[in-house]
Colleague: 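The following block contains the structure, expressed as structure tokens.
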Amino acid sequence: MNILSKYDAAKVEDKWYKYWLENGYFHSEPDEREPYTIVIPPPNVTGVLHMGHMLNNTIQDVLIRRARLKGYNACWVPGTDHASIATEAKVVARLKEKGIKKSDLSREEFLEKAWEWTGEHGGIILEQLKKLGASCDWDRTKFTMDDDMSASVIKVFVDLYNKGLIYRGYRMVNWDPEARTTLSDEEVIHEERQGLLYYLAYDIEGEDEKVIIATTRPETILGDTAVCINPHDERYAHLKGKKAIVPICNRVIPIIEDEYVDMEFGTGCLKVTPAHDVNDKNLGDKHGLEVVDIFNEDASLNQHGLHYEGKDRFVVRKEIARELEEKGHLVKTETHINKVGTSERTKAVIEPRLSDQWFLRMEELAKPALKAVLEDEEIKLFPKKFENTYRHWMENIRDWNISRQLWWGQQVPAYYYGDGKEEFVVAENEEEALQLAREKSGKASLSSSDITRDPDVLDTWFSSWLWPMSVFGGILEPENKEIKYYYPTNDLVTGPDILFFWVARMIMAGYEYRNEKPFTNVYLTGLVRDSQRRKMSKSLGNSPDALKLISDYGADGVRVGLLLSSAAGNDLLFDEALCQQGKGFANKIWNAFRLVKGWEISDIPPAKVSEVAVRWYRSKLGQTLAEIEDHFAKYRISDALMATYKLIWDDFCSWFLEMVKPTYGMPISKKTYGEIIALFEENLKILHPFMPFLSEEIWQHMENRNRDEALVVATWPEPVKPDGSLLEGFSLMTEVVSGIRTVRKDKNIPFKDELELYTTGDGSDFAGDLDEVVKKLGNISGIHYDVEKVEGSVSFRVGASEYFIPVTGSVDVESEIRKLQEELSYIEGFLKSVRGKLSNERFVNNAPEKVVAVEKQKEADALAKIATIKESLSNLKNK
RNA sequence: GGGUCAUUAACUCAGUUGGUUUAGAGUGUCACCUUGACAGGGUGGAAGUCACUGGUUCGAGUCCAGUAUGACCCA
């Protein structure tokens, strides 16, 4: 067989993915095995794969593939969400290009366009996940706007309304003037912006005096309905009970007093605009102020804006500042940095706005969710540090604004039969609504034309908070066998940025609807940043093209690259060099396979070296497997990968294969060969979750396998109890081999020249046949034990023994002495620190016996070592 | 403004209830190697006042307090 010396990922990846799909390895049905379930955090249906998705889904795939190998009934449910605002914004933009305004279309026509868009772009991201190797059960793919998913949402809305948890309220909400919808608090991003602080003079009614207020938003003065001072502020005491006059519109407004006013900020005198600021709204409610809303829904000014009517708020800010200056009301301006709320989706500056919205009461829902994470630990967050953030949010939770002034999404199932505030009903469909409306209104004559459905849709998160249940039909049919089998799911992998948006709400929904947690472990990944620590974003253009990375480094290479430095919850500084490392690793393993595959097999007895090598590697594998198990249990995925990396590269390739490698041109024992292949197979199983394609490719090359024997459905290695003394002896042995290599290097002795090795040891440091390994890897012709010293040799120490290698020609006495002296001073320093402890009475009296014993042992070892070094030194100096 | 978390080698990070050689890994770096699986390789080296200042302790990278810097969350 001719195997290429370079591993070509592109050639094999599509082939194996297709094979896995054809054989349905990823599909899961309930059976008698224990389930292991993950639901994907649904990406935006029209989105494309970015680095965050790659990281996130690689981790999920690692977990699910490992579970599959461990014999669980592994089920990873994929899907997408409808991303209400983002998708609607894209559809609106696309219509605009064609010269069509949203308002020109009926709701039905618009939705048709939105579905068209979804059809064109939907699922692209899922295809990209396949390139990454994601082993999702594609037969279960879900979309939050699927009929059954929407029905679940509506059912839950009606249920929560009937329980009194959903209510309609006239509140200050975050208004996105670009998308013309409200946003939840979590969708508002606060950014620091440089702005101006305007100092404005308001006349006092009936006085010559003026009062100066400071504001960042001069355009809102037209909505002012009071001026507020702090009752303890003596500077303004004389203004109490008087009235001020708003410039330009000349509205006469009261001067009120409230301790809310910060005397230090600005002039200590505040203008109050209840329609456009949440704090001002509170003040307004408290003091019974008038509310004057000056904005249209696109944040242009309405009739209260007088001659500014129809102009945008930011245009008006400039123009009104000029007018105020001309009229002598602008005292001065100062530069000022303030936090501005912006829309996560459209980036537009948020306008606080009063309107009728639907809200979900959170207080009761939050209680079991708080308890599950912080008290009962039924749900664990990895890393744990996020529990503080979780607690803070859950304890200060506010009602959730769930309505959006959009069309793309589930329409609020509320029906109005009159203009009164309470003249509506909530029902799953129109017939029921009509029935309820007749009852509630007492008008039996009401017909379907008398009721109107609320035009708003529900927040996308109001769909996705049900995700772990609704994907299994758990809302519509709570007793179906799928939900009973797969729920609660095992792990959830997501970013900390949606801990509240999504994770916390899923927990609430889980307890509300199943009285059970939705998942046990939540793994929070870090954000992917570039090497300068900037977030990856489209606008910066610093996000690499995911598919190009896969084609450059192979999916396996990219997976390894992403995982190598992504400890849970720590941001990942993405560097393509890491993918290169992954690709290099793939190539290394590939070549290890080429080596083994190239050997001629013969029915000869195994070499002694090979026998000890096999015994050692079995132990090493057992030891490393336990470490890997521990890392996975703690969700330390990158550590688990690094342990695997070192096992294969260092232990398997650098040590094991070098030990068993037959002399050039010679055959290998059939028995040994079989053992090597078996161990190689164990490596591949451990490797498979991280590098599924490469591992399957080699696995299938090893022998002809039938469908049931694919690596993807193989069995995870049995834990082997490691032989501790063998591992310990081996580790001493490697130091000896290293010592020999160093001597060769220092003395320029080529590897092909055989050397003799002498030692003061008696050969008990590494028992068994490890001395055979020293001979092979050091090219040593013979080892001589129990010698005292050897003239004309170079020496090194391992443990308590000294080793000598006679060298022809002159030994550089000076440099030998220098080296020994360096070694000596290190050990003497060490001894000093140990003795420092031992001579401290309080240490000896207070420290545990065990610790003291260890220190005494250290002292003894150091003393023995010092003695041998000193002896060597005196030998050298006597020359 | 309030809160949370971080700060260990040039870079990215471990360091698991305070004691296991005067701190480890990967990458990078330096020197050498035209080796028969792999130069995407091999061998060997150098590199750290564990942010700073105090404190607790027989003993602190690890615990406590403060300072500085940074990140994130909330208002």
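So that the names make sense, note that chain A is the first sequence line, chain B the second, and so on, each numbered from 1.
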Colleague: Anything under 30° is parallel, anything over 60° is perpendicular, the rest tilted; go ahead and classify A:F500 against A:W393.
Modeller: parallel
Colleague: Check the orientation of A:Y645 and A:F585. Use parallel for under 30°, tilted for 30 to 60°, and perpendicular for over 60°.
Modeller: tilted
Colleague: Indicate whether OP1 or OP2 belonging to B:rU27 is found under 4.0 Å from a side-chain N or O atom of A:Y645.
Modeller: yes
Colleague: Classify the nucleic acid contact of A:N587 as base, sugar-phosphate or nothing, counting any heavy atom under 4.0 Å across all strands shown.
Modeller: base
Colleague: On the 0 to 90° scale, with breaks at 30° and 60°, tag the A:F796-A:Y803 ring pair as parallel, tilted or perpendicular.
Modeller: parallel
Colleague: Quantified in whole Å, what is the P atom distance between nucleotide B:rC30 and nucleotide B:rG18?
Modeller: 42 Å
Colleague: Would you measure the distance from the P atom in B:rA68 across to the matching atom in B:rU53 and give it in whole Å?
Modeller: 15 Å
Colleague: Starting at CD1 of A:I498 and ending at C1' of B:rC73, how long is that distance when rounded to a whole Å?
Modeller: 15 Å
Colleague: Of all the nucleotides listed (B:rU43, B:rA25, B:rU4), which has the minimum atom distance to the side chain of A:R741?
Modeller: B:rU43
Colleague: A:R744 side chain N/O closer than 4.0 Å to the phosphate oxygens (OP1, OP2) of B:rU35?
Modeller: no
Colleague: Please figure out whether A:E855 or A:L572 has its closest RNA chain B nucleotide nearer the 5' end.
Modeller: A:L572
Colleague: Select one nucleotide: of B:rU20, B:rA37, B:rG15, the one nearest the side-chain heavy atoms of A:E658.
Modeller: B:rA37
Colleague: Between A:W590 (CH2) and B:rC38 (C1'), how many Å, whole number?
Modeller: 12 Å
Colleague: Determine, for A:E377 against A:K384, whether the closest basic-nitrogen to carboxylate-oxygen distance falls under 4.0 angstrom.
Modeller: yes
Colleague: For a quick check of understanding: with a heavy-atom distance under 4.0 Å over all strands, which category does A:G829 fall into, base, sugar-phosphate or nothing?
Modeller: base
Colleague: Please determine, by modelled atom types, if A:E627 and A:H631 share a side-chain donor-acceptor pair under 3.5 angstrom.
Modeller: no
Colleague: Take atom P in B:rG28 and the same atom in B:rU4, then report the distance between them in whole Å.
Modeller: 40 Å
Colleague: Identify which one of A:V798, A:L777, A:I780 satisfies the side-chain contact (heavy atoms from CB on, under 4.5 Å) criterion when paired with A:V737.
Modeller: A:L777
Colleague: Determine the contact category for A:W649: base if any of its heavy atoms lies under 4.0 Å from a base atom, sugar-phosphate if only primed atoms, P, OP1 or OP2 are that close, otherwise nothing.
Modeller: sugar-phosphate
Colleague: Find the distance A:N396:CG to B:rG1:P and express it as a whole number of Å.
Modeller: 20 Å
Colleague: Give none if B:rU17 has no partner; otherwise give the nucleotide forming a Watson-Crick or G-U wobble pair with it, both distances under 3.5 Å.
Modeller: none
Colleague: Starting at CG of A:D497 and ending at P of B:rU4, how long is that distance when rounded to a whole Å?
Modeller: 21 Å
Colleague: With heavy atoms under 4.0 Å as the rule, sort A:P848 into base, sugar-phosphate or nothing.
Modeller: base
Colleague: Rounding to the closest angstrom, what is the interatomic distance between B:rU34 and B:rU43 at atom C1'?
Modeller: 16 Å
Colleague: Given atom CG of A:N388 and atom C1' of B:rC72, what is their separation to the nearest angstrom?
Modeller: 13 Å
Colleague: Remember a base hit wins even if backbone is also touched, and classify A:K634 as base, sugar-phosphate or nothing at under 4.0 Å, heavy atoms.
Modeller: base
Colleague: Within less than 4.0 Å of OP1 or OP2 of B:rG59, is there a side-chain N or O belonging to A:N846?
Modeller: no
Colleague: Picking from B:rC58, B:rA37, B:rA14, which would you name as closest to the side chain of A:N840?
Modeller: B:rC58
Colleague: Counting side-chain heavy atoms from C-beta on, which of B:rC58, B:rC73, B:rG15 comes nearest to A:R636?
Modeller: B:rG15
Colleague: How far does the P atom of B:rU62 sit from the matching atom of B:rG55, given to the nearest Å?
Modeller: 14 Å
Colleague: Have a look at A:E859 and tell me which of A:K832, A:K865, A:R835 forms a salt bridge (Lys or Arg N to Asp or Glu O under 4.0 Å) with it.
Modeller: A:R835
Colleague: Which of these passes side chain to side chain donor-acceptor pair (under 3.5 Å) with A:Y553: A:K583, A:E576, A:Q581?
Modeller: A:E576
Colleague: Once hydrogens and angles are ignored, does a donor-acceptor distance under 3.5 Å link the base of B:rC38 to the side chain of A:K588?
Modeller: yes
Colleague: Would you indicate what A:F751 reaches in the nucleic acid, counting non-hydrogen atoms under 4.0 angstrom: base, sugar-phosphate, or nothing?
Modeller: nothing
Colleague: Looking at every strand, decide which applies to A:K646 at a 4.0 Å heavy-atom threshold: base, sugar-phosphate, or nothing.
Modeller: sugar-phosphate
Colleague: Judged by each residue's nearest nucleotide on RNA chain B, which is more toward the 5′ side, A:V834 or A:T663?
Modeller: A:V834
Colleague: Take atom NE2 of A:H701 and atom P of B:rA37, then tell me their distance rounded to the nearest Å.
Modeller: 19 Å
Colleague: In whole Å, measure the gap between the P atoms of B:rU27 and B:rC33 for me.
Modeller: 22 Å
Colleague: Can you tell me the Watson-Crick or wobble partner of B:rG61, both distances under 3.5 angstrom?
Modeller: none
Colleague: Within this structure, what is the CG-to-P distance between A:N845 and B:rU57, rounded to whole angstrom?
Modeller: 16 Å
Colleague: Of all the choices, B:rG19, B:rA25, B:rG36, which nucleotide is nearest to the side chain of A:M642 once you look at every atom?
Modeller: B:rA25
Colleague: What is the distance, rounded to the nearest whole Å, between atom CG of A:L595 and atom C1' of B:rG36?
Modeller: 10 Å
Colleague: Looking at B:rC58, B:rG40, B:rU12, which one has an atom nearest to any side-chain atom of A:L573?
Modeller: B:rU12
Colleague: Hunt down the Watson-Crick or G-U wobble partner of B:rG44, both distances under 3.5 Å, from any strand shown, or write none.
Modeller: B:rC30
Colleague: Taking B:rG24 as the reference, what is the distance to B:rG66 when you measure between their C1' atoms (whole Å, please)?
Modeller: 30 Å
Colleague: Partner lookup for B:rA6, please. Criteria are Watson-Crick or G-U wobble with both distances under 3.5 angstrom; report none if nothing qualifies.
Modeller: B:rU69
Colleague: Once you apply a heavy-atom cut-off of 4.0 Å, does A:R398 come out as touching a base, just sugar-phosphate, or nothing?
Modeller: sugar-phosphate
Colleague: Just to confirm, is there a sub-4.0 Å distance from OP1 or OP2 of B:rC13 to any side-chain nitrogen or oxygen of A:S638?
Modeller: no
Colleague: Under a 4.0 Å N-O cut-off, is there an ion pair linking A:K548 with A:D552?
Modeller: yes
Colleague: Quick one: which of B:rC58, B:rU27, B:rU21 gets closest to the side chain of A:F830?
Modeller: B:rU21
Colleague: Provide the distance between the two C1' atoms, one in B:rA10 and one in B:rC52, to the nearest whole Å.
Modeller: 22 Å
Colleague: Just compare B:rC13, B:rU43, B:rC58 and give me whichever is closest to any side-chain atom of A:A847.
Modeller: B:rC58
Colleague: Picking from B:rC5, B:rG44, B:rC58, which would you name as closest to the side chain of A:T742?
Modeller: B:rG44
Colleague: Let's see if you can work this out: which of B:rA37, B:rC58, B:rU43 has an atom nearest to the side-chain heavy atoms of A:K745?
Modeller: B:rU43
